[in-house]
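First listed ligand is number 1; within each ligand, the first listed atom is number 1. Only this structure's heavy atoms are used, side chains among them; waters, hydrogens and symmetry mates stay out. Quick caveat: nothing in here was measured; it's all calculated off a predicted structure.
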Amino acid sequence: MPTNQGPEYFAAERKYLQSRTKLEKMTWLEEMIRTSVKHKGTEKLLADLRKRLAKLKKEAYIQRKKSGKPKVSIRKEGAAQICIIGFTNSGKSTLLNSLTNAKADIASYPYTTKKPVVGMMDYEDLRFQLIEIPATFESESMSLLHTCDLIIAVLDSTQNVQEQREELVRILKENRLENKKIIFAKNKSTVCGLDRETICMDTKSGIGLEEIKERTWKALDKIRIYTKSPKKPKSIPALALKKDATVADLAKEIHKDFMKIFKYARIFNSSKFSGKKVGLDYKLHDNDVVEIHSR
Ligand SMILES: Nc1nc2c(ncn2[C@@H]2O[C@H](COP(=O)(O)OP(=O)(O)OP(=O)(O)O)[C@@H](O)[C@H]2O)c(=O)[nH]1
Ligand SMILES: [Mg+2]
């Protein structure tokens, strides 16, 4: 055992040795890794701790798969539902709180978030629902990843980024989520590399938050449509529809029976045809304002 560890490390080690559950053990192993001094002399110890942690995570995952607990379901609100994933302490709650009205607990203590936390994010007249997925990756909250529209994966730049990325990709694959849209964001990082695919952010100081919003909207690959009533201004928040959406798609989005009472619509935009009367098959464009007239 190395003799040059500080009191924080020894306190975590004591707690680890007293732990009974897998989650407790994982928590204190994470804490031992975090608080351990890092130099040549502790490399072997750290490798051993990481190996033990990886084994525990795997066992915990198999156990959870068998637990059969009811799946968490959160009703979609706004233009899209976006899940935030990442390992413990990567800064998921800090990101969620910075982008939305949520008040998730933030702490350097591992596994602070134990249940999914929801918040609403505003971006250019659109509202998005953001959900932090606990880093324990329990199967009951993993179900949210199947139904959400996009995943933001937070990587902790104070740890091995490549390893985290590969491990997250493996978890997604294991859950048959490999085809899900995903954005990678490297947190706690003010120095950015050449990898333009990965967003570089420091949520604590607000760096990269605008980019996260822009990239989220871009990745969703949708168009923003405003509705309005006659003689009224356009309604905000706007709706997000698929790129080739028509007025009929918009009517269905407003209400499933809206098509039955639809008479015609007027489209307002920056073109010379603004105010034009159209039918259900009219193909909408980004930023169109649609005034629907019903019977
Ligand atoms: N320097 C720095 N610290 C950060 C940043 N974002 C988060 N932190 C710190 O990292 C620690 C963990 O942050 P959280 O937001 O709680 O992380 P989390 O991913 O939600 O963690 P769990 O819920 O435990 O899985 C806290 O001490 C934060 O203050 C950042 O951008 N820069
Ligand atoms: Mg959290």
Side-chain angles (χ1 to χ4, degrees), residues 6 8-9 11-12 15-16 19 21-36 38 50 53-54 56-57 60-61 64 72 74 82-121 129-142 144-145 148 151-161 163-165 167-168 171-172 182-193 198-213 215-216:
E8 269 189 305
Y9 175 86
K15 294 253 177 64
Y16 168 69
S19 296
T21 67
K22 284 204 170 73
L23 182 58
E24 273 171 7
K25 282 187 185 148
M26 280 157 59
T27 302
W28 296 114
L29 270 176
E30 296 263 12
E31 200 59 4
M32 283 162 75
I33 294 167
R34 192 180 72 83
T35 55
S36 168
K38 289 164 185 90
R50 289 201 177 100
L53 180 63
L56 269 172
K57 278 185 176 171
Y61 178 70
R64 283 192 299 270
V72 176
I74 294 171
I82 297 147
C83 286
I84 305 174
I85 63 164
F87 293 109
T88 188
N89 272 340
S90 53
K92 300 179 293 301
S93 298
T94 312
L95 177 67
L96 180 79
N97 289 2
S98 312
L99 293 175
T100 73
N101 55 343
K103 290 189 176 56
D105 288 339
I106 295 170
S108 58
Y109 185 94
Y111 303 107
T112 306
T113 306
K114 297 200 164 50
K115 295 260 171 297
V117 190
V118 186
M120 296 303 291
M121 171 177 94
Q129 186 183 50
L130 263 57
I131 307 173
E132 177 185 356
I133 304 295
T136 45
F137 293 104
E138 293 186 272
S139 56
E140 55 264 39
S141 49
M142 287 300 277
L144 290 166
L145 295 178
C148 71
I151 295 173
I152 298 176
V154 181
L155 307 170
D156 185 344
S157 69
T158 65
Q159 309 287 330
N160 186 327
V161 170
E163 244 174 53
Q164 292 168 67
R165 200 183 168 117
E167 185 61 8
L168 286 176
I171 292 173
L172 293 178
I182 184 161
I183 295 177
F184 284 96
K186 201 167 72 170
N187 192 30
K188 309 185 190 178
S189 158
T190 43
V191 185
C192 305
T198 310
I199 299 170
C200 181
M201 64 182 185
D202 186 79
T203 37
K204 222 170 173 179
S205 52
I207 296 170
L209 295 182
E210 253 337 278
E211 194 182 349
I212 278 271
K213 292 185 183 190
R215 292 271 292 269
T216 296

Requested in this report: Output yes when the distance from some N or O of ligand 1 to some N or O of Ile106 is under 3.5 Å, and no in every other case.
Outcome: no

Query raised in the report: Looking at ligand 1, does any of its N/O atoms fall within less than 3.5 Å of an N/O of Ser205?
Result: no

Report task. Please report which non-hydrogen protein atom sits nearest to atom 8 (N) of ligand 1, along with the residue it belongs to and the distance in Å to one decimal place. Result -> Lys188 CE, 3.8 Å

Query raised in the report: Tell me, which protein N/O/S atoms are under 2.8 Å away from the Mg ion (ligand 2)?
Result: Ser93 OG, Thr113 OG1, Glu132 OE2

**Report entry** Numbered atoms and elements of ligand 1 in range of Tyr111, under 4.0 angstrom, heavy atoms
**Finding:** 24 (O)

Query - Residue Tyr109 vicinity, atoms of ligand 1 by number, heavy atom under 4.0 Å - result: 24 (O)

Requested in this report: Among all protein heavy atoms, pick the one closest to atom 25 (O) of ligand 1 and tell me residue, atom and distance.
Outcome: Lys92 NZ, 3.0 Å

Query raised in the report: Judged by atom type as modelled, is there a donor-acceptor pair below 3.5 Å linking the side chain of Thr88 to the main-chain atoms of Tyr111?
Result: yes

Requested in this report: Any atoms of ligand 1 less than 4.0 Å from a non-hydrogen atom of Glu132? List them with their elements.
Outcome: 20 (O), 23 (O)

Query raised in the report: Which one of Ala104, Ala107, Ser108, Ser90 has a non-hydrogen atom at the shortest distance from atom 16 (O) of ligand 1?
Result: Ala107

Report task. Tell me which one of Arg34, Met201, Glu30, Lys204 gets a heavy atom nearest to atom 3 (N) of ligand 1. Result -> Lys204

Query raised in the report: What is the closest protein heavy atom to atom 13 (O) of ligand 1, and at what distance does it sit?
Result: Thr94 OG1, 3.6 Å

Requested in this report: Note the single closest protein heavy atom to atom 24 (O) of ligand 1, along with its residue, its atom name and the distance in Å.
Outcome: Thr112 N, 2.7 Å

Query raised in the report: Listed by chain and number, what are the salt bridge (Lys or Arg N to Asp or Glu O under 4.0 Å) partners of Asp156, not counting sequence neighbours?
Result: Lys188

